[in-house]
2 protein chains.
Amino acid sequence: MPPSSPSLDSFDLAILAILQRDNTTPQRLIGEAVNLSAPAVQRRIKRMEQTGVVAGNVAIIEPAAVGQPITIFVEVELESERTELIDAAKRQFSQTPEVQQCYYVTGEADFILVITVADMGAYEALTRKLFFGSNNVRKFRTFVAMDRVKVGLTVPLPD
Amino acid sequence: MPPSSPSLDSFDLAILAILQRDNTTPQRLIGEAVNLSAPAVQRRIKRMEQTGVVAGNVAIIEPAAVGQPITIFVEVELESERTELIDAAKRQFSQTPEVQQCYYVTGEADFILVITVADMGAYEALTRKLFFGSNNVRKFRTFVAMDRVKVGLTVPLPD
DNA sequence: TATCCCGATGAAACAAACTTGCGTTTCGCA
DNA sequence: TGCGAAACGCAAGTTTGTTTCATCGGGATA
């Protein structure tokens with residue numbers, strides 16, 4: 001459980017705006033941009049990492065470059081919404097590497113998945129494993145991405 | 001346009017696996033993990049960044065910590081699929097900060113959006129701007145995320 | 001088979017960035 | 001007015017990133 005965050009001031013937000021665009025930016029440059037010394041920047045970053053405001057620092061890999069050029073969305077509807085079955089589904093989706101993102105949602109579906117695969121054959125095999133293999137999936141709808149218009153985990157920051 | 005990548009060997013893939021989990025890992029440690037010297041690691045990373053295999057280095061921000069606790073999926077169906085209108089929609093979605101991800105897809109919808117907002121009021125306002133404001137949106141379906149089961153841009157890497 | 005060339009490597013030197021300690025300032029509150 | 005907590009900047013120390021350079025194969029060619 002992340003420690004509660006004591007709320008962020010405008011310095012923190014300005015720092016976050018930079019880091020979520022490029023976290024290799026030197027603290028010195030960040031400092032110049034926000035009018036703070038490098039150590040001050042460093043302390044704030046450290047605090048936000050410890051409190052969970054910054055959830056991670058990662059390199060973004062181009063899927064096509066590593067043989068996973070196809071992105072697919074799937075809406076999954078379950079037969080039963082018993083808690084244990086929901087949890088079992090969450091667990092299975094989480095453990096599947098091809099499932100890049102998984103959300104439990106309200107509405108006409110129960111889950112929405114973002115899946116990354118090498119080709120449609122791989123997707124077909126995955127559906128067999130994840131959906132047909134489970135007798136708790138009532139149905140699922142597939143959307144193949146023709147264009148990844150905007151991709152990222154960037155969050156809009158308040159002013 | 002990213003320069004073509006000459007294909008990656010097992011060293012590159014091992015390095016990528018580490019970086020997409022934590023890109024603050026020192027090159028020295030990466031070197032130990034993959035049996036390479038730090039300079040060798042550094043050259044490979046640099047090359048992969050230049051060829052576009054590594055598309056970015058970013059901090060992941062917890063949306064709830066910056067006042068955007070609600071994640072919403074939207075399937076958007078357009079009235080017309082004329083190229084210019086598609087492109088106009090792509091442009092508008094790309095420019096909207098609350099639209100974190102946008103995909104142009106095949107199937108029963110034209111676009112799938114991942115949206116981040118502070119509350120349902122903000123979402124309602126956004127729908128007015130993006131969908132009702134445009135007379136090219138035939139309909140849209142909303143899915144509110146109750147649980148962000150798995151989030152990230154991690155790509156499965158070949159062995 | 002010998003030779004040349006190319007690309008990648010590791011060791012070491014170097015530069016840059018990160019991190020810590022410390023004295024000072026600021027600000028809220030008694 | 002005085003006290004304490006929190007944050008600051010500076011400067012020193014440490015770690016990390018980067019460049020240089022000599023060397024090591026692997027392949028193509030003669």
Side-chain angles (χ1 to χ4, degrees), chain A residues 1-62 65-67 154 157-159, chain B residues 1-62 64-67 153-154 157-159:
Chain A
M1 186 63 63
S4 69
S5 48
S7 88
L8 310 168
D9 63 17
S10 66
F11 286 118
D12 292 321
L13 294 174
I15 293 170
L16 288 177
I18 294 172
L19 292 182
Q20 82 171 336
R21 213 169 44 80
D22 180 4
N23 73 349
T24 67
T25 310
Q27 294 170 354
R28 176 179 52 84
L29 292 183
I30 300 176
E32 291 174 10
V34 305
N35 279 328
L36 231 46
S37 69
V41 170
Q42 129 91 349
R43 285 185 285 257
R44 284 168 177 270
I45 294 175
K46 188 177 186 180
R47 181 166 51 82
M48 292 192 285
E49 284 173 348
Q50 287 174 160
T51 56
V53 176
V54 173
N57 287 284
V58 303
I60 305 299
I61 297 177
E62 182 60 39
V66 292
T154 304
L157 298 173
D159 309 303
Chain B
M1 186 64 62
S4 69
S5 46
S7 89
L8 311 168
D9 63 17
S10 67
F11 287 118
D12 292 321
L13 293 173
I15 293 170
L16 287 176
I18 294 172
L19 291 182
Q20 83 171 335
R21 213 169 45 78
D22 179 7
N23 73 349
T24 68
T25 310
Q27 293 170 355
R28 176 178 51 83
L29 292 183
I30 298 177
E32 291 174 10
V34 304
N35 279 329
L36 231 47
S37 68
V41 170
Q42 131 94 340
R43 283 185 287 258
R44 285 166 177 271
I45 294 175
K46 188 177 187 179
R47 182 167 50 82
M48 292 192 285
E49 284 173 347
Q50 287 174 161
T51 56
V53 176
V54 172
N57 287 285
V58 303
I60 305 298
I61 298 177
E62 181 61 39
V66 292
L153 296 176
T154 304
L157 299 174
D159 308 306

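Atom CG in A:L8 sits roughly 12 Å away from atom P in D:dA7 (whole-Å rounding). Here the C1' atom of nucleotide D:dA7 and the CD1 atom of A:I45 are 16 Å apart, to the nearest Å. Atoms CG (A:L36) and P (D:dC8) sit 5 Å apart, rounded to a whole Å. In this structure, A:I30 places its CD1 atom 11 Å from P of C:dA17, rounding to the nearest Å. Put simply, CD on A:Q50 is 11 Å from P on C:dT19, counting in whole angstrom units. Between the P atom of D:dG17 and the CG atom of B:N57 lies a distance of 12 Å, rounded to the nearest Å. As a whole-Å value, the separation of A:R47 CZ from D:dC8 C1' is 13 Å. When rounded to the nearest whole Å, the span between CD of B:Q42 and P of D:dT19 equals 7 Å.
Residues satisfying the salt bridge (Lys or Arg N to Asp or Glu O under 4.0 Å) test with A:E62, not counting sequence neighbours, are A:R148. Remark: A:R28 engages A:E32 in a salt bridge (Lys or Arg N to Asp or Glu O under 4.0 Å) (not counting sequence neighbours).
Closest contact between the side chain of B:R28 and the listed nucleotides D:dT16, C:dG10, C:dA17 involves D:dT16.
With rounding to the nearest 0.5 angstrom, the CG atom of A:L157 is 5.0 Å from the CD1 atom of B:I61. Here the OG1 atom belonging to A:T51 is positioned 9.0 Å from the CD atom belonging to A:E49, to the nearest 0.5 angstrom.
Side-chain contact between A:R44 and A:R47 is present, with heavy atoms from C-beta onward closer than 4.5 Å. Using a 4.5 Å heavy-atom threshold, the side chains of B:I30 and B:L19 count as touching.
Taking side-chain N and O atoms only, A:R44 has no distance below 4.0 Å to OP1 or OP2 of D:dA7. Taking only side-chain nitrogens and oxygens, B:K46 comes nearer than 4.0 Å to OP1 or OP2 of D:dT19.
Residues from residues 18-26 of chain B with heavy atoms under 4.0 angstrom of DNA chain C: there are none.
The minimum heavy-atom distance linking B:V66 with A:P158 is given by the pair O-CD, 3.7 Å.
Put simply, the side chain of B:R43 and the base of C:dG10 share a donor and an acceptor less than 3.5 Å apart.
Checking A:L29 against A:P39, the closest nucleotide of DNA chain C that is more toward the 5' end is the one next to A:L29.
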